[in-house]
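So the structure is just underneath, and the comments pick up after that.
Here is the naming used below: chain letters follow the sequence lines, and residue numbers restart at 1 for every chain.
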Number of protein chains: 2
Amino acid sequence: MRSAVTKYEVLCDGLRQEIRSKLVPGDALDGERTLAERLGVSRVTVRRALDQLDAEGLIVRVHGSGTYVSDAQLIGKTLRLTSFTDDMCERGLEAGAAVLISEVIYADTDLATFLRLESGAEVLRLRRLRLANETPMALEDAFVPLGLFPGIEERDLTTSLYASFSAYGYTVDRARQQITSAALTEEEAKLLDSTPGTPALRVERVSMDRLGQPLEKVATIYRSDRYHFDITVRAHL
Amino acid sequence: MRSAVTKYEVLCDGLRQEIRSKLVPGDALDGERTLAERLGVSRVTVRRALDQLDAEGLIVRVHGSGTYVSDAQLIGKTLRLTSFTDDMCERGLEAGAAVLISEVIYADTDLATFLRLESGAEVLRLRRLRLANETPMALEDAFVPLGLFPGIEERDLTTSLYASFSAYGYTVDRARQQITSAALTEEEAKLLDSTPGTPALRVERVSMDRLGQPLEKVATIYRSDRYHFDITVRAHL
DNA sequence: CAGTGGTCTAGACCACCGA
DNA sequence: CGGTGGTCTAGACCACTGC
């Protein structure tokens, strides 16, 4: 847990707390000027905090009327990028991974393009079975450039890759995902404890840091009876 | 096209233009103070515009160094809620719809919960085949509360429902989507010009306005060989 | 009409980067 | 060190809501 440092972060946390504990959906918050005075900050700072809560969907601001607590439970929080591990945590399950293949390969032109490398560059290929409470959920093929993460193949690969990345000073900021569906092959079905031909979700993801540097390319097959995507998308940008 | 009214919107558009036309990824923008002076606005306003572009992934700000154009093409634009019609437009295809069923039904408890109605309330059920350039892409079942949209069943239902909504003063602000996969049934396969058992993407969506009022519930089956989801998700928030 | 949120300003100080 | 972005302020005016 990192503590908030800026005033608006503190304010945000405080308001979140207040909303969760004292208020119910539909309740009005204090006006911006009132909040500013009560908390000893400027109105601009209050607004910045409220902007944040608005973006999170916790509050609704109505021009000329006031600021209200929204139906938080109706607004899925997901739209946020999460790792498989976080994902399972949120569902109250324990994430695990069994490493099936861990090998150093040389990027073909296709992979090199995705990861912005020269073709032939060294890449760790990591094939893992992802588990939730010991149950197979997904089959994952990750490709990680060794140029960025030298020696990563020696680390513990049964947990979140994102955690390992941060040991090298890289943080995943965003990811581009492509979601399709496909029938399970015989091998996939065997590993996922299912039957061949069953429809499954196939997700290809390229994760990047804040500067757009690709950190990994992952292809994952999810058992669609055990996993689905829950996303909230917004219109205004 | 609606024209921008506020200064920061104008600024945003101007900067977007400049980035697209004069600059390439990696180029530095003018400093915030320089921009403010050049454009005759305050620095706060400049920052607000830059915040916007940052959120869109068009620029990268580096503390102590400067603001730079990011690799725009690597950052998928989608994360924005789009209607099928918009979606097809963006891909350069012409969207169409063939109405298969249009009937008034009474909400069962399940549907009533999703749409926040009392069970038994009147709802328009609209089953449509969605087309792109005449080719079947998806099969859609939409449920629209007639209490909010009286007489909507008399309107042109071969285009975007979202457009009809705005005629009633409602705008879709966000939607909660659940993405799974399923095998095509015989009926679905027939309509989609495919074969039964083929894996397809199944999306359930509840669209809401800014206040969280549910406007429609839609279940859609996409031919996964012709359609996939392309989304960019972000970590920070 | 008074009170709300929305926009905008001019100026201050801090933290960080690179020469 | 100077220049950059990041945070914060006090105060102004506008647009909208609801009585």
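Of the candidates dC8(D), dG5(D), dC8(C), the closest approach to any side-chain atom of H63(B) belongs to dG5(D). The side chain of S42(B) lies closest to dA10(C) when the candidates are dA10(C), dG5(C), dT9(D). Nearest nucleotide to the R47(A) side chain, out of dG5(C), dT9(C), dC13(C): dG5(C). Nearest to the side-chain atoms of K7(B) among the listed nucleotides dG5(C), dT7(D), dC8(C) stands dC8(C). Minimum atom distance to the side chain of T67(A) is reached by dG5(C), of the listed dT9(C), dG5(C), dT7(D).
Considering only side-chain N and O atoms, R61(A) lies nowhere under 4.0 angstrom from the phosphate OP1 or OP2 of dT4(C). In this model, the phosphate group of dC17(C) is not approached by any side-chain N or O of S65(B) to a distance below 4.0 Å at OP1 or OP2. For dC8(D), the OP1/OP2 oxygens have no side-chain nitrogen or oxygen of Y8(A) closer than 4.0 Å.
Distance CZ (R43(B)) to P (dA12(C)): 13 Å, rounded to an integer number of Å. dC14(D) atom P lies 14 Å from atom CZ of R33(A), rounded to whole Å. dT4(C) atom C1' lies 13 Å from atom CG of L50(A), rounded to whole Å. Residue E37(B) contributes atom CD, which lies 15 Å from atom C1' of dG11(C) at whole-angstrom precision. Between the CG atom of D51(B) and the P atom of dG5(D) there is a distance of 12 Å, rounded to whole Å. As rounded to whole Å, 14 Å separates atom C1' of dC14(D) from atom CD of E32(A). Counting to the nearest Å, the C1' atom of dG5(C) and the CD1 atom of I59(A) are 11 Å from each other. For D54(A) and dT4(C), the CG to C1' distance is 15 Å, given to the nearest whole Å.
A residue-by-residue look at G40(A) and G64(A) shows that G40(A) has its nearest nucleotide of DNA chain D further toward the 5' end. Nucleotides of DNA chain C nearest to V62(B) and T45(B) differ in position, and the one nearer the 5' end is that of T45(B). Comparing V44(B) and T34(B), the nucleotide of DNA chain D nearest to each residue sits closer to the 5' end for T34(B).
Salt-bridge check for R16(A) with D13(A): passed, with a basic side-chain N closer than 4.0 Å to an acidic carboxylate O.
Judged purely by atom type and a 3.5 angstrom limit, S119(A) has no side-chain atom pairing as donor or acceptor with the backbone of A107(A). Side-chain atoms of T67(B) do not come within 3.5 Å of backbone N or O of L29(B) as any donor-acceptor pair.
R155(A) contributes atom CZ, which lies 5.5 Å from atom OH of Y168(A) (distance to the nearest 0.5 angstrom). The CG atom of L35(A) lies 5.0 Å from the CG atom of D30(A); values are rounded to the nearest 0.5 Å.
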